[in-house]
2 protein chains.
Amino acid sequence: MTHPSIKERFREILLQHNFPQHYYLLAISGGVDSMILLNLFRESSAKFQVAHCNFQLRGDDAIRDEEFVRDYCAKHTIPFHSVKFDVEAYQKTGNYSVEMACRNLRYDWFKDVQKVNNLDYLVTAHHLDDNLETFIINLSRGTGLKGLVGMQIDNGKIFRPLLEFTKSQLIAYAQENNLDWKEDYTNETDDYTRNKIRHHISPILKEIHPQFNANFLQTLEFLNDNQQIIAQQIQLVKTSLFKGENPIRINVDELKKLNPLASYLHYLFESYGFLSTKELIKFLDSNTGSEIKSDTYRLIKDRENLLLIIIEKSTENEIQILDDFIEINSLNLKFVKSKNPNEYATEIVDFTTILFPLKLRKVREGDFFYPIGMNGKKKLVNKFMKDLKLSKLEKENVWLLCDQNDQIIWIVNHRLDERFKTTQTSKNFLNITLC
Amino acid sequence: MTHPSIKERFREILLQHNFPQHYYLLAISGGVDSMILLNLFRESSAKFQVAHCNFQLRGDDAIRDEEFVRDYCAKHTIPFHSVKFDVEAYQKTGNYSVEMACRNLRYDWFKDVQKVNNLDYLVTAHHLDDNLETFIINLSRGTGLKGLVGMQIDNGKIFRPLLEFTKSQLIAYAQENNLDWKEDYTNETDDYTRNKIRHHISPILKEIHPQFNANFLQTLEFLNDNQQIIAQQIQLVKTSLFKGENPIRINVDELKKLNPLASYLHYLFESYGFLSTKELIKFLDSNTGSEIKSDTYRLIKDRENLLLIIIEKSTENEIQILDDFIEINSLNLKFVKSKNPNEYATEIVDFTTILFPLKLRKVREGDFFYPIGMNGKKKLVNKFMKDLKLSKLEKENVWLLCDQNDQIIWIVNHRLDERFKTTQTSKNFLNITLC
């Protein structure tokens, strides 16, 4: 690729990106890559603003760079945003490396600037050498396809129009067009691994094949296509195996037929937050009632199925009943005090036996009650549920209707307590209806 | 991985390969990798023989190596095969590099030895470093997934039990076990690219990540899994889009809906020998009747479909009719001379008008005939077929029944020639039946 073509190719890329529909925020450090990005945008008719981060890690150089970008924007009347970060203070808020801290600070701030100024795309000056370095780092870490395809030119949020150009093409372009930029000397030292790759591996790869860069770009495209094809296959498998919603039911035997199993499990469950394939494989053969959790989902083994259930953030375990009608998830209960037992009621108890207010709560360890029809014998609620052969999930969904003293009146929808039953002498009734 | 574990791990790998079911041919050069392979096999209870190639390219060293392996096998009573090749002579038979020539000669000979001795698996001493070098070479060439997954431990024909060990693990193992081997000094110089990688890239990769080798092995496994998942998706797509057999019909609009199109076309058509994706994409929009060919298949554009047709190697264009019954592909013709016209015949001609023997042949440019019912007017066969709106494929399947003088008697199954028709004075008939 010759240098003048960078400009032409950049225009094509902008067009492919439907640039008039977007308002961009350019992340500009003042280094050669970002100043080329800024220059190319300035020469286009795209709408954009500029953001510069000062991490205050490089003394006078950091001040110099900020001034440099600010002046450039002022000169060309480009809306400019800048921020100063206290990286060390941020690092103390968690276990962050300098790189990670800068990354978090930078991207969070960009998001804020975008929101306030209504800028829909962030634009960075990443180039092909960045992707090659990432490829090799991920290779050395033992990655899947995802780690090898690297950054995307457009991931829906970030636009990287320089991603197909190499560093040396960019530098040649900058020199040829007399662009001005500020060297960041820490680039040469701040990342041990990337520098090893940049200085010792990349040059040899280019010696091995004169077209290495173009070919590597081609490889990335192929791998990207492969990823899309895999996603389509995974979607087909998901459609055929994942039944229903919350819980999603997945037949274990069907799941086990998938081959290669480990990779299928990885792709099928990663979006639910389950990232350990080994754990998933083991889980397939676990006992009924076994459970593993991600941040967002529970996975329960229930005989021949796996159940995938959303973890509701605000699942209540105890609810005071202050009205005569209460709705909890799919459970609708109506309470009516009456002189007569209502024949349509689900259960009827003796009103005078109850100490109000009522409450509904989940089962706790050690809960007991006196099941009606057992001659006043006491029974553990857990034992009662076990005898009913309720599944783990069904057990969790059991509600107890209790009185003020936490005595169990009714295991909702299952069994009344002997102590609250109506007798021949009852005169006031509480009719409870499950609607 | 510590050294003693090579032996244990090797045993596991043999077991996974169901080794008692196989009879192996070990390719043994005498170098360290192959001598370890030989040693490990000798210490197992696997059945095997040994093959050694002498390419006569390294003077006395080549003789020394052959003797070394021969002696080892004699000492341990292992069936031994060897061969001497004239590489230069072979190179002259085609445009082969030394490497390619050696490769072809070697693998062809191995096949012969396997066949004669009933050895179902070839075993080579390829190791992880070989796969890493291949990975990087293919990366530099711009490859897809196939080029990155490298050699397989078992591809159904070749078994590579050392593929997960690194060169340095193998050398340490050989030293620790006091194995004897012969150094091949050309290894250090004979392959420029592999040596660049071996000496300049691999060491740095190992510096970048201490677990590089294990992680790279992991990556290869992931990529392998990905390839399998892709193959399953391609099979599903093929099942839904490729209709019928020879010709296989493929709806062009359905094909065009596939995304990413280029990669899908690559995977769908590579097994039919169509390797240029660009050509395939262009072909989708070509005119009806357009055609491209691979070594084994023709791909024809026929209105809304593509037709995929096997190229029959022995497709005859002209067939002498020496019997009264002839079968060509799906065409079965029966000829009966009779005093009476047979009412069940497909066509009946006047026997006396024909100069025998008859022949069947395909249409040639410039062929003409006198269609019956056109008052003796002459017509080009091509024009006749065009007026019938025959497709390209149908036209190619048209046979002409001709007499000794190559006069067209019948465009089989379409139209008789005026010159051979029966008249009121006909006394002898040739009844032709399409069965």
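Numbered from 1 within each chain, the chains take letters A, B, ... in sequence-line order.
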Heavy-atom pair count under 4.5 Å with chain A, highest-scoring of Ile136(B), Ile197(B), Ile229(B), Asn224(B): Ile229(B)
Let me know if Leu148(B) has heavy atoms under 4.5 Å from chain A in its side chain, its backbone, both or neither. side chain
So for Asn259(B), is it side chain, backbone, both, or neither that comes closer than 4.5 Å to the heavy atoms of chain A? both
Given that the side chain runs from C-beta out, which part of Gln233(B) has a heavy atom under 4.5 Å from chain A: side chain, backbone, both or neither? both
On a heavy-atom basis, which atom in Gly142(B) and which in Thr219(A) lie closest, and how many Å separate them? CA-OG1, 3.2 Å
Heavy-atom neighbours of Asn155(A) CG exceed 12 at 6.0 Å: yes
Looking at chain B, which one of Ile204(A), Leu205(A), Asn213(A) has the largest number of heavy-atom pairs inside 4.5 Å, strictly under? Ile204(A)
When the 4.5 angstrom heavy-atom criterion is applied to Leu145(A) and chain B, the contacting part is both
Of Ile230(B), Asn226(B), Leu223(B), the residue whose pairing with Asn226(A) passes side-chain contact (heavy atoms from CB on, under 4.5 Å): Ile230(B)
Just so I understand: if I count every heavy-atom pair under 4.5 Å between each of Thr193(A), Ile201(A), Leu139(A), Ile208(A) and chain B, which residue has the most? Leu139(A)
More than 12 foreign heavy atoms under 6.0 Å from NZ of Lys206(B): is that the case here? yes
Would Tyr264(B) and Gln228(A) satisfy side chain to side chain donor-acceptor pair (under 3.5 Å), going step by step from the backbone distance to the final call? CA-CA 10 Å; Tyr264(B) 267 110; Gln228(A) 276 189 63; over 6 Å; no
Within a reach of under 6.0 Å around NZ of Lys238(B), are more than 12 heavy atoms found that belong to other residues, nucleotides or ligands? yes
Relative to chain A, which segment of Leu236(B) carries a heavy atom at a distance below 4.5 Å: side chain, backbone, both, or neither? side chain
Derivation of the side chain to side chain donor-acceptor pair (under 3.5 Å) call for Asp225(A) and Tyr267(B): CA-CA 11 Å; Asp225(A) 281 6; Tyr267(B) 284 121; over 6 Å; no
Which pair of heavy atoms, one from Thr143(A) and one from Phe222(B), lies closest together, and at what distance? O-CD1, 3.4 Å
Minimum side-chain heavy-atom gap Pro260(A)-Gln232(B) below 4.5 Å: yes
